[in-house]
*Asks:* 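The structure is given below, and queries will be raised subsequently.
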There are 2 protein chains.
Amino acid sequence: MTTTIADEPPARRNATPGPERGGGATLADVARLADVSRATASRVLAGRAAGKSASHARVLAAAEELGYVVNGLARSMMGVGRRSIAFVSSIMVGPTFATMAGGAEDIATAKGHLFTMCTTGGDLDREAALIETLSEQRVAAVLLVGSTPATEEFERRAQGYSDTLARVGARLILCGRAALPEHPQIASIDYDHRGGVRSGVEHLVGLGHRRIAFVGSLDDMTTPHQRFLGYQDGLADAGIEFDADLTVQSGNSSDDAASATVAFIERHPEVTAMVCQTDVMAVGVCRALHDAGIAIPAQISVVGFDDMQLVADLTPSLTTVRAPFHRVGELAGRIAVGGVYDGPAVLPVELIVRGSTGPVRA
Amino acid sequence: MTTTIADEPPARRNATPGPERGGGATLADVARLADVSRATASRVLAGRAAGKSASHARVLAAAEELGYVVNGLARSMMGVGRRSIAFVSSIMVGPTFATMAGGAEDIATAKGHLFTMCTTGGDLDREAALIETLSEQRVAAVLLVGSTPATEEFERRAQGYSDTLARVGARLILCGRAALPEHPQIASIDYDHRGGVRSGVEHLVGLGHRRIAFVGSLDDMTTPHQRFLGYQDGLADAGIEFDADLTVQSGNSSDDAASATVAFIERHPEVTAMVCQTDVMAVGVCRALHDAGIAIPAQISVVGFDDMQLVADLTPSLTTVRAPFHRVGELAGRIAVGGVYDGPAVLPVELIVRGSTGPVRA
DNA sequence: TTGTAAGCGTTATCAT
DNA sequence: ATGATAACGCTTACAA
């Protein structure tokens with residue numbers, strides 16, 4: 001004997017990591033239990049039912065009883081529902097990224113969007129794959145954060161990202177990265193890397209310094225490069241000739257900067273000030289100088305960049321450049337949620353003078 | 001004359017912030033252009049077509065020409081496609097959260113999930129709304145991160161979160177928060193707050209300290225409370241009677257801790273060591289002591305918690321407790337992506353002895 | 001290998 | 001106020 005149960009649902013598939021189907025109650029279940037149509041149930045649950053009829057209460061009760069949770073994915077397919085804003089950076093830790101992310105998230109969630117964070121680990125292929133994935137998920141916008149290679153090849157990549165995103169109605173926004181003049185449809189919210197370092201050098205020059213070194217990664221990424229240019233600007237302003245021997249290459253860790261400094265200072269005892277690409281490097285520089293018995297700022301002044309937490313608490317406290325990271329995130333977020341974008345923004349930075357810089361000794 | 005175009009699509013709706021519909025090409029468009037069925041197009045594009053027929057190439061070409069981007073939302077409805085892992089914390093900045101997030105993100109993206117970060121700003125209503133929203137979006141799991149109120153009311157809330165998530169096949173995972181014994185289905189990956197502070201006190205006792213103060217926020221949140229208990233444990237171990245007068249209340253900013261210390265140390269000059277709930281507080285304590293002309297560690301030793309970046313570079317460098325934040329994130333991530341959970345985990349922490357602690361002077 | 005057809009869980013249209 | 005019904009864009013038996 002063969003028994004056929006008419007309304008037996010078909011076997012459920014179960015493909016991870018896909019959303020589990022058939023898990024909870026659906027709108028149809030609620031409607032059935034409340035003895036109304038799906039349309040009515042939908043209206044009631046979305047709070048867009050006219051008055052409150054008898055069915056109104058029944059629908060609510062049924063939803064409650066069944067533990068109904070509306071399927072946002074299905075809603076999205078109808079053109080309602082939430083879109084995500086994506087934040088793509090090379091790495092997640094680090095006060096600068098986190099602060100920018102915080103600014104963007106504030107705006108995004110205030111507007112009812114979800115906020116997705118992705119890291120690339122600096123891998124451009126991963127970055128491209130990520131943009132593709134995010135497009136598939138129909139994000140509202142992608143914030144591409146931080147430094148990028150300052151190459152034509154990258155510009156082509158970015159154009160590709162922008163094109164892919166545009167196909168799904170999403171926008172690409174660069175954060176903390178200068179606009180690409182050839183690609184005006186790619187938005188950019190940046191801060192004044194170059195002017196910041198320049199003002200640091202200016203400050204030192206005002207204190208009488210002339211032999212000023214620069215510590216940085218000196219690669220072709222935008223952030224290092226812009227900051228390096230700011231150093232050169234500062235020298236030029238003061239009529240000091242740029243001397244390539246006074247640039248110190250270092251990775252962005254305090255240990256790297258410390259060992260680079262040890263080697264450097266031995267060759268160049270005449271230097272009276274060191275300008276660093278980042279606070280992290282500056283901290284390493286300070287440690288190396290201290291260990292070498294060189295007094296800060298009596299013998300050598302040090303300037304950082306980023307004004308990260310705790311550098312004010314170092315001994316001596318660090319003179320550095322403060323950038324409005326949170327504000328950068330906010331502005332980018334505003335564009336991401338549909339605000340108007342009228343051209344690249346470059347937010348001003350501020351030199352915070354503290355104890356690590358002082359007059360050059362006579 | 002009335003002209004009716006048969007295949008004219010209906011007018012598109014356009015409700016922000018919902019995903020823009022009708023934007024790009026659909027699978028049907030690709031199939032039409034390639035002159036195959038949607039099924040074939042789907043198979044080819046998903047790379048699950050058998051061999052490579054003539055149509056194979058045509059589909060690829062059509063997709064390319066149309067700039068087709070598969071709709072991941074629609075895929076999700078079929079049970080395939082990516083689910084997100086959500087990371088919910090009170091705030092985004094802060095090295096501990098960011099590091100945990102990094103660990104979780106590593107695992108999540110490696111398994112093809114998206115990673116969504118949401119902040120509550122410490123608002124429990126926002127937290128509840130967020131859980132609801134994330135359930136609607138059919139996340140795979142929610143990582144609830146950091147301290148929570150240690151109250152029965154919170155346990156009820158958490159149970160509610162867990163229930164809502166369970167309805168959509170998702171899991172709730174506490175990170176950096178002890179398990180709730182009454183609610184074993186809520187997973188927990190925690191680290192040893194209590195043991196960490198205890199070992200700090202033990203270290204001080206070993207150096208001869210007896211008058212040891214505790215600086216913390218002293219509220220009913222789990223993290224502060226656990227760390228406070230660790231302080232009491234440490235005292236008890238050494239047979240030192242707990243003296244409530246030696247607890248200092250402070251907000252979690254170095255400025256707060258500094259001003260609290262100023263007031264405290266005047267009343268209690270007999271204290272020879274201060275154990276702090278966080279590194280941030282410890283830094284404030286150090287600054288206040290330094291400004292008051294009290295030498296660290298000669299006159300007073302200081303212990304922190306978290307081992308955040310740069311505390312090793314302070315003068316003196318900070319003795320603190322290092323917790324495996326990245327690992328906590330990884331383990332939580334592993335459960336989130338479907339790994340087995342066999343009971344609460346409490347990861348060990350490590351006391352990092354540096355320059356801020358020394359023997360009590362004779 | 002390919003096509004047909006039946007979903008997935010919503011919302012919107014348009015009658016009633 | 002409510003209910004049929006048709007989308008939305010995709011996947012996948014099942015049949016050819």
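Below, read A as the first sequence line, B as the second, and so on, with proteins coming before strands; counting in each chain starts at 1. Predicted model, so just to flag it, every value in this text is computed and none were measured.
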*Asks:* For the pair made of CE in B/Met77 and P in D/dT12, what is the distance, rounded to whole Å?
*Replies:*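 Answer to the nearest Å: 14 Å.
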*Asks:* Can you measure B/Arg82 atom CZ to D/dC10 atom C1' for me and round it to whole angstrom units?
*Replies:*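 These atoms are roughly 16 Å apart.
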*Asks:* Would you write the dot-bracket representation of DNA chain D, where each base gets (, ), [, ], | or . depending on whether it forms a Watson-Crick or G-U pair under 3.5 Å and with which partner?
*Replies:* ||||||||||||||||
*Asks:* Starting from P on C/dG7, measure out to CE on B/Met78 and report it in whole angstrom.
*Replies:*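 In whole Å, C/dG7 P and B/Met78 CE are 11 Å from each other.
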*Asks:* For B/Thr40, what residues pass the side chain to side chain donor-acceptor pair (under 3.5 Å) criterion, not counting sequence neighbours?
*Replies:*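 If we apply the side chain to side chain donor-acceptor pair (under 3.5 Å) test to B/Thr40, skipping adjacent residues, the hits are B/Ser37.
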*Asks:* What pairs with B/Ser89 under side-chain contact (heavy atoms from CB on, under 4.5 Å), at least two apart in sequence or on another chain?
*Replies:*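 Expected list: B/Phe87, B/Phe97, B/Thr119, B/Val145.
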*Asks:* Shortest non-hydrogen contact from A/Ser188 to A/Ala179?
*Replies:*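 Of all heavy-atom pairs spanning A/Ser188 and A/Ala179, the closest is OG-N, 3.2 Å.
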*Asks:* Please give, in whole Å, the distance from D/dC10 P to B/Leu73 CG?
*Replies:*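 These atoms are roughly 11 Å apart.
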*Asks:* Can you check the A/Arg138 CZ to D/dC10 P distance for me, whole Å?
*Replies:*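 So the two atoms are 7 Å apart, to the nearest Å.
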*Asks:* Can I get a per-line list of side-chain donor-acceptor pairs under 3.5 Å for residues 160-167 of chain B, giving both atom names and the distance, sequence neighbours left out?
*Replies:*
| unit_1 | atom_1 | unit_2 | atom_2 | d |
| --- | --- | --- | --- | --- |
| B/Tyr161 | OH | B/Glu127 | OE2 | 2.7 |
| B/Tyr161 | OH | B/Arg157 | NE | 3.3 |
| B/Asp163 | OD1 | B/Gln159 | NE2 | 2.9 |
| B/Thr164 | OG1 | B/Gly160 | O | 3.0 |

*Asks:* Just N and O in the side chain of B/Ser42: are any of them under 4.0 Å from OP1 or OP2 of D/dC10?
*Replies:*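 Checking D/dC10 against B/Ser42, no side-chain N or O comes under 4.0 Å of OP1 or OP2.
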*Asks:* Identify all pairs in which a protein N or O lies below 3.5 Å from an N or O of nucleotides 3-5 of chain C, and state each distance.
*Replies:*
| unit_1 | atom_1 | unit_2 | atom_2 | d |
| --- | --- | --- | --- | --- |
| C/dG3 | OP2 | B/Ser37 | N | 2.8 |
| C/dG3 | OP2 | B/Ser37 | OG | 3.1 |
| C/dG3 | OP2 | B/Thr40 | OG1 | 2.6 |
| C/dG3 | N7 | B/Arg43 | NH2 | 2.8 |
| C/dG3 | O6 | B/Arg43 | NH1 | 3.1 |

*Asks:* Return the value, rounded to whole Å, for the distance between atom CG of A/Leu45 and atom P of C/dA12.
*Replies:*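 In whole Å, C/dA12 P lies 14 Å from A/Leu45 CG.
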*Asks:* Please tabulate, one pair per line, all N/O donor-acceptor pairs under 3.5 Å involving side-chain atoms of residues 59-68 of chain A, not counting sequence neighbours.
*Replies:*
none

*Asks:* Whether B/Arg75 contacts D/dC10 is assessed here as follows: a side-chain N or O lying under 4.0 Å from the phosphate OP1 or OP2. Is that the case?
*Replies:*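 Answer no for this pair, as no side-chain N or O of B/Arg75 is under 4.0 Å from OP1 or OP2.
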*Asks:* Check each residue of residues 58-70 of chain A for a non-hydrogen atom within less than 4.0 Å of any atom in DNA chain D, then write out the ones that pass by number, or none.
*Replies:*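 Heavy-atom cutoff 4.0 Å gives no residues at all.
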*Asks:* Rounded to the nearest angstrom, tell me the gap between atom CG in B/Asn71 and atom P in D/dC8.
*Replies:*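 Taking CG of B/Asn71 and P of D/dC8, I get 12 Å after rounding.
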*Asks:* Holding to side-chain contact (heavy atoms from CB on, under 4.5 Å), I want the full list of residues that pass it with B/Arg334, two or more places apart in sequence or in another chain.
*Replies:*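 Expected list: B/Ile107, B/Arg327, B/Glu330, B/Leu331.
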*Asks:* Under the rule for side chain to side chain donor-acceptor pair (under 3.5 Å), what residues qualify as partners of B/Thr151, not counting sequence neighbours?
*Replies:*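 Result, side chain to side chain donor-acceptor pair (under 3.5 Å) vs B/Thr151: none returned.
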*Asks:* Partners of B/Arg32 by side-chain contact (heavy atoms from CB on, under 4.5 Å), sequence neighbours excluded?
*Replies:*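 By the side-chain contact (heavy atoms from CB on, under 4.5 Å) rule, B/Arg32 matches B/Ala28, B/Asp29.
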*Asks:* So which heavy atom on A/Arg138 is nearest to which on A/Arg83, and how close?
*Replies:*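 Minimum heavy-atom separation between A/Arg138 and A/Arg83: O-NE, 3.1 Å.
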*Asks:* With sequence neighbours excluded, what pairs up with A/Val93 under the side-chain contact (heavy atoms from CB on, under 4.5 Å) test?
*Replies:*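 A/Ile91, B/Ala98, B/Thr99.
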*Asks:* Please list, chain by chain and in numerical order, all residues satisfying side chain to side chain donor-acceptor pair (under 3.5 Å) with A/Thr148, sequence neighbours excluded.
*Replies:*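 Side chain to side chain donor-acceptor pair (under 3.5 Å) list for A/Thr148, sorted by chain: A/Arg177.
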*Asks:* Within this structure, what is the CG-to-C1' distance between A/Leu27 and D/dG3, rounded to whole angstrom?
*Replies:*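 In whole Å, D/dG3 C1' and A/Leu27 CG are 13 Å from each other.
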